[in-house]
Structures are given as structure tokens and as C-alpha cells.
2 protein chains.
Amino acid sequence: MTVSKTAADAARASRPLRREPVDPAGDDSMLQLGELSGLLGYSLKRAQLKVFEDFLRCVAPLQLTPAQFSVLLLLDKNPGRNQTEIAATLGILRPNFVAMLDALESRDLCARMRSTNDRRSHILVLTDKGRAVLARAKKLVANKHEARLIEVLGPANHAALLEMLAKLAQEF
Amino acid sequence: MTVSKTAADAARASRPLRREPVDPAGDDSMLQLGELSGLLGYSLKRAQLKVFEDFLRCVAPLQLTPAQFSVLLLLDKNPGRNQTEIAATLGILRPNFVAMLDALESRDLCARMRSTNDRRSHILVLTDKGRAVLARAKKLVANKHEARLIEVLGPANHAALLEMLAKLAQEF
DNA sequence: GATAATTGTTATGCGGTATATCAAATATCG
DNA sequence: CGATATTTGATATACCGCATAACAATTATC
């Protein structure tokens, strides 16, 4: 037998030959996830759904979705911007942002003002009510939602998780 | 003045008074994300979209979505199961699983077989073609998709990320 | 054996996302 | 200047993911 090393051989050799985690196979009515539990995208999506669900619960008294909350946050931090700029920053397409703003404006949380410089664009502003709702939402999010996340993960892990997700969202 | 300590006082005191990260404020055309970058759900969703996008690109030659890939994986690991069981494990509602199976079956990747025990249920099986496609998909996912993730994050971080996401997906 | 529960299915609606298109306003360039 | 191109907000539309109600066939329960 020769000593030829194929790519597969090399890969196998370089791997620390870890034992398969054989998912705990509890109940026989519980299916085996197999390599699904190692798929980052799979866990990512499931975690995202859970986190959004908790967000909605925590901020339910104010009737704000995560997307709406992010719009209010952005308007507060970036006064004087128009629809195109806000939408683009959030990864929302302009056509889809129209109905979103309609909903917020109909609740008197923000307003569109025609720009004097460029009469095509609408300058977006938070109303007083919008600022008040945002302030209350921030407290609910911090004290109920994020607090629970930090509790479950631990502060250090929470920070590390945030950093990794930001890296993925950027340079991937 | 008394020495009463409110909950807010305690929280403020226990916090290591960290400096605000003042997002790098580069270009003046770039908007300030503000506390948005600290919102886990926000980064979670953006990262998830990027990861799914990369998955689709890597496995494009086989024309498989993440959801379809997860179904094939589950069928392979759990032979003899019916639609209800597979769908429930993946968090897919039975009505929505029907069209998904139709698509896979029309491509001859899997098949429904009437159970002899319970003639209501359909036992799901991978076809030979389904097994072949799954095998190729696994390689693409491991060598292109997950490999890139591990490269960007580093192996240790990748493992830590996976663990934290799994924890969130479970006990949250 | 009558009633209830389960399985797969269809129909349907809602929200998120994507593209094409339009009128008004502005920018560009000959 | 004036013709053309671009930008902005908006509408219409379509597709996908996700959710509920309802149904026929089959099986379970009592």
C-alpha cells in the first residue's frame, strides 16, 4: 500500500476526530436532528424567531414591531433625513417603506415634512408622542427584553454574541 | 440626604460605566445606528439573512433552499416518519408542508408511501436521487458555506456562537 | 357502534419582500 | 437656456413564509 494522501485523507487527518454528539435521543417520539444542529443558519433562524417573539411580548403594551421600533430609533438619532435614507439604512425597499410610514404617521408617532431644499423628498420627524412612545419602548426593551437575554446568556456571552452577529451582518 | 438605594441606582452603580461606542460616524451620508447596534434581535435578523443568502449561493447548483435541505437531512436521519412528525420537528405547519413535499416529490427527491399500519399517514422516504443530491449538498454546505463561516469567525467563536444560538432557540 | 381525534389536504388571508412603473421635482449637460 | 436623465415618493403587483379554518378519510375511544 502506498502512502498517497488525498485531500479527503488530509481533511480527515487534520480534524481532531471529535465524537459525534449523537443528539440525546431521549423519547423515541423525538426525531434526530443530526447535522441540522450544526448548521449555523438553522440555529440562527430559530433563535431569531424566538427573540422577535419575546420582543413583541415585551413591547406589546405599545403595539410596536421590531421594524417599527427600529424606525423610531433611527428617526430619533438622525433628524432631518428623508424616506430613502432611513429605509436604505434599515435595508427596507422604498416602496415597502411607504406603508410602514403611513402606519406610524396615522398613529401620530412621526410626520412627513416637505423639504424646502428639495421639494421631492419628505423630511421625517418624530412627533412629541413619537418621542414619548420611543422612550417608553426603550425602557421596556432594556428592562424586559434585553435583560432576559442577558440573564439567559450571561453578560459576557451576550456581548460576545452581539459582536459575532455584527461581524456576520457586515463582512459576510 | 438619605442613603436609600433604588433599583435604578443599583443598576447604574453596578454597571462598569462604559463609554458610549459612538458608532464610527464616518461619512456624513452614513446614518447613526445608535442603540440599534446593541439590539440583539436586529443583528440576529441581519446576520440570518446574510447567512441564508450565502447558503443559497453555495448550494445553488443543486437548487435547494435551506428549508428543503433541512427536510432532506431529517428524512435521511429519520426513516419511516410521516408528514406530521417531520413538519413538527422543523417547526413547519402541516398545511404548509404539503406544497413543500409536492415540490421535492415532483423532483423525485423523496416519495410519500401510504403506511400499512395507519392508512391515513404518509411515510416519507428519500429516493436514490434524493440521497445523491443530499450527499452533494452536504459537501457544498460543509466545504463552501460552513467553511466560510468558520473562516470569518474563527473555529472557537463559531462553536461558541452555535452553542449560544442553540440555547436561545431552546430555552427562550 | 356512535362519537371523538388524527392525517393529509385545500382554501384563504396576512405580512414581508421584490420589481416595474409613474408623476413631480431636480440635476446634468449640450 | 432647454432637452434629457436622475431622483423621490408612491402605486400596483407578485411571490413567499406563515397562520387559521374547514374537509374527507381513517383510526381511536368509550
Side-chain angles (χ1 to χ4, degrees), chain A residues 29 31 41-42 44-53 55-56 60 63-71 75 78 80-106 110-125, chain B residues 29 31 41-42 44-46 48-53 55-56 63-71 75 78 80-106 110-125:
Chain A
S29 77
L31 276 69
Y42 179 75
L44 209 41
K45 172 130 195 202
R46 305 220 89 167
Q48 186 259 318
L49 289 175
K50 290 268 194 175
V51 169
F52 267 46
E53 193 182 315
F55 182 100
L56 283 173
Q63 283 289 92
L64 284 182
T65 67
Q68 290 174 326
F69 179 68
S70 70
V71 169
L75 292 189
N78 304 91
R81 299 297 189 153
N82 64 24
Q83 299 185 194
T84 296
E85 294 169 314
I86 299 292
T89 302
L90 292 175
I92 302 173
L93 294 175
R94 271 86 71 206
N96 299 330
F97 194 50
V98 174
M100 246 189 104
L101 270 187
D102 289 347
L104 292 177
E105 201 173 15
S106 76
C110 70
R112 302 181 231 226
M113 301 183 46
R114 293 226 88 100
S115 166
T116 53
N117 307 331
D118 186 340
R119 292 173 40 212
R120 290 171 297 186
S121 57
H122 289 165
I123 299 305
L124 298 179
V125 293
Chain B
S29 76
L31 277 68
Y42 180 74
L44 208 42
K45 172 130 195 203
R46 304 220 89 162
Q48 186 259 317
L49 289 175
K50 289 269 193 175
V51 169
F52 267 44
E53 192 182 314
F55 182 99
L56 283 173
Q63 283 290 92
L64 283 182
T65 67
Q68 289 174 325
F69 178 67
S70 70
V71 169
L75 292 189
N78 302 276
R81 300 294 188 157
N82 63 24
Q83 300 184 196
T84 295
E85 293 169 317
I86 298 292
T89 302
L90 292 174
I92 302 173
L93 294 175
R94 272 86 71 206
N96 300 327
F97 194 49
V98 174
M100 248 190 101
L101 270 186
D102 288 346
L104 291 176
E105 201 173 15
S106 76
C110 71
R112 301 181 231 226
M113 300 182 46
R114 294 228 88 100
S115 166
T116 53
N117 307 332
D118 185 340
R119 292 175 39 213
R120 290 171 296 186
S121 59
H122 290 164
I123 298 305
L124 299 179
V125 293

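Remember, it's a predicted structure, so these values are computed and weren't measured experimentally. First the proteins, then the strands, lettered A, B, ... as listed; each starts at 1.
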Using 0.5 Å steps for rounding, measure from the OG1 atom of Thr84(B) to the CD1 atom of Ile92(B).
12.0 Å

Between CD on residue Gln68(B) and SG on residue Cys110(B), distance to nearest 0.5 Å:
10.0 Å

How would you give the extent of chain A contacts on DNA chain C, as first and last nucleotide 5' to 3' within a 4.0 Å heavy-atom cut-off?
dT17(C) to dT26(C)

Nearest whole angstrom, please: distance from the [atom2] of [N] to the [atom1] of [X].
X	N	atom1	atom2	value
Ile92(B)	dC16(D)	CD1	P	15 Å
Asp118(A)	dG9(D)	CG	P	8 Å
Leu56(A)	dC18(D)	CG	C1'	14 Å
Ile86(A)	dT8(D)	CD1	P	13 Å
Leu93(A)	dC15(D)	CG	C1'	14 Å
Asn82(A)	dT8(D)	CG	C1'	8 Å
Glu53(A)	dC18(D)	CD	P	13 Å
Gln83(A)	dT11(D)	CD	P	10 Å

Does a side-chain heavy-atom distance below 4.5 Å link [X] with [Y]?
X	Y	value
Glu85(B)	Leu31(A)	yes
Ile86(A)	Thr89(A)	no
Arg112(B)	Gln83(B)	yes

Regarding [X], tell me which of base, sugar-phosphate or nothing describes its non-hydrogen contacts under 4.0 Å with the strands shown.
X	answer
Asn96(A)	base
Arg94(A)	nothing
Asn117(A)	sugar-phosphate

On DNA chain C, check which nucleotide each of Ser115(A) and Ala67(A) is closest to and give me the residue with the more 5' one.
Ala67(A)

Arg120(A) vs Gly91(A), nearer the 5' end of DNA chain C by closest nucleotide
Gly91(A)

Correct closest heavy-atom pair for Ser115(A) and Ile123(A) would be CB-CG1, 3.8 Å

How far apart are the C-alpha atoms of His122(B) and Asn82(B), what are their side-chain angles, what is the distance that settles it, and do they pass the side chain to side chain contact (heavy atoms under 4.5 Å, CB included) test?
CA-CA 5 Å; His122(B) 290 164; Asn82(B) 63 24; 5.6 Å; no

Residue met sooner reading DNA chain D from 5', once Ser121(A) and Lys45(A) are mapped to nucleotides
Ser121(A)

